[in-house]
Amino acid sequence: MAPVALAHSPALTNGTKYPAKLVPGSINGANGHTSATTTTTTDTSATRSTTTTEIWRATEIKNAPQRTSFSFDSMEDALAAFAAGEFLVVMDDETRENEGDLIIAASQCTTEKMAWMIKHTSGYICCALTGDRLQQLNLPMMVPENEDAYRTAYTITVDYKHGTTTGISAHDRSLTARALASPTTTADDFIRPGHLVPLRARTGGVLTRKGHTESGVDLCALTNQPLAGVLCELVNDDEQGSMARRDDCRAFADRWGVKMISVEMIAEWRRRHEGQAI
């Protein structure tokens with residue numbers, strides 16, 4: 001799938017329109033652990049330099065305007081945000097799972113972003129990968145016969161071997177996610193079983209199967225990022241931890257300033273723009 005150029009994208013700073021949330025390209029991120037933006041300013045007259053480090057923090061929008069009717073955000077805005085390392089809320093069909101997933105590029109999933117994701121989802125964090133990548137990493141299917149209602153293709157679980165402890169913390173799971181996305185890691189870099197769940201996306205993406213797994217890989221392809229998408233189902237902050245449905249997901253997205261689209265919108269974008277520069 002050829003990446004498409006984005007129309008009407010805002011000017012980027014260091015590869016992102018959100019410079020305070022920029023994620024370094026290395027697996028470990030800034031200072032070897034957290035991912036942060038480091039800005040150095042030099043005063044030439046005094047030959048002094050100052051360095052400031054800004055950690056990603058989610059910003060809650062207090063008293064977000066109430067919508068009078070439901071609507072999704074545009075694909076252009078969603079792809080620009082995703083390319084910049086932001087989360088998207090992606091909704092599948094109401095006749096299918098009727099669930100909304102938080103999805104982010106694995107290569108840009110920092111400790112802070114993983115912690116926020118865990119807080120607002122079921123916590124069963126998955127990472128969508130291509131079949132070729134799973135073969136490279138020697139990650140077979142979790143069970144020989146898949147009985148899942150929607151045939152979600154779970155593989156055996158993993159932890160990144162280097163720089164992690166028990167594997168379950170936000171730091172460790174974000175490190176594992178970035179390692180799965182990194183072209184330099186091999187099968188020997190992972191411990192099995194672990195605490196992150198790789199998923200196999202079908203060839204053809206959402207045009208073959210309209211699932212969140214395929215959405216995660218397609219979004220990465222459309223934004224020219226490593227083909228690895230971290231995803232998990234949104235849940236409501238209630239005593240039952242109930243699943244967030246369409247209107248719940250819209251309210252959550254508005255509360256946190258996150259773009260919301262649907263799996264069908266990704267499929268339609270691909271059908272209209274595949275192989276074209278927009």
Next on the checklist: Between Ile261 and Met75, is the side-chain contact (heavy atoms from CB on, under 4.5 Å) condition met? List the steps.
Outcome noted: CA-CA 7 Å; Ile261 58 173; Met75 277 295 295; 3.7 Å; yes
Checklist entry - Using 30° and 60° as the class limits, which term best fits the ring planes of Trp256 and Trp116: parallel, tilted or perpendicular? => result perpendicular
Between [X] and [Y], is any pair of side-chain heavy atoms under 4.5 Å apart?
X: Arg200; Y: Thr213; result: no
X: His171; Y: Thr165; result: no
X: Ile125; Y: Met114; result: yes
X: Arg57; Y: Ile55; result: yes
X: Asp189; Y: Tyr160; result: yes

Taking all heavy atoms of [X] and all of [Y], pick out the closest pair and write down the distance.
X: Ala201; Y: Val217; result: CB-CG2, 3.7 Å
X: Thr157; Y: Gly194; result: OG1-N, 2.9 Å
X: Phe87; Y: Val258; result: O-CG1, 3.3 Å
X: Pro226; Y: Ala181; result: CB-O, 3.4 Å
X: Met91; Y: Cys249; result: SD-SG, 3.9 Å
X: Leu129; Y: Ala228; result: CD2-CB, 3.4 Å

Counting only heavy atoms from other residues, nucleotides and ligands, does the tally under 6.0 Å from [atom1] of [X] exceed 12?
X: Asn146; atom1: CG; result: yes
X: Glu264; atom1: CD; result: yes
X: Gln66; atom1: CD; result: no
X: Arg133; atom1: CZ; result: yes

Atom [atom1] in [X], atom [atom2] in [Y]: separation rounded to 0.5 Å?
X: Glu233; Y: His212; atom1: CD; atom2: NE2; answer: 8.0 Å
X: Met243; Y: Ser122; atom1: CE; atom2: OG; answer: 6.0 Å
X: Ile168; Y: Ile118; atom1: CD1; atom2: CD1; answer: 7.0 Å
X: Leu88; Y: Ile266; atom1: CG; atom2: CD1; answer: 7.5 Å
X: Trp56; Y: Thr111; atom1: CH2; atom2: OG1; answer: 11.5 Å
X: Lys259; Y: Glu76; atom1: NZ; atom2: CD; answer: 11.5 Å

Checklist entry - Judged by modelled atom types alone, do Gln225 and Thr223 share a side-chain donor-acceptor pair under 3.5 Å? => result yes
Next on the checklist: Using the rule given for side-chain contact (heavy atoms from CB on, under 4.5 Å), can you reason through Val158 versus Leu137, listing the C-alpha separation, both sets of side-chain angles and the distance that settles it, and then say yes or no?
Outcome noted: CA-CA 10 Å; Val158 295; Leu137 297 178; over 6 Å; no
Do any N or O atoms from the side chain of [X] and from the backbone of [Y] form a donor-acceptor pair under 3.5 angstrom?
X: Ser182; Y: Arg178; value: no
X: Arg255; Y: Glu60; value: no
X: Lys113; Y: Ile104; value: no
X: Ser74; Y: Asp77; value: yes

Item to check | Intermediate values then yes/no, side-chain contact (heavy atoms from CB on, under 4.5 Å), Leu180 and Phe190 | outcome: CA-CA 9 Å; Leu180 288 170; Phe190 297 91; 3.7 Å; yes
Checklist entry - Yes or no on side-chain contact (heavy atoms from CB on, under 4.5 Å) for Lys210 and Asp92, after CA distance, side-chain angles and deciding distance? => result CA-CA 8 Å; Lys210 291 183 180 177; Asp92 75 346; over 6 Å; no
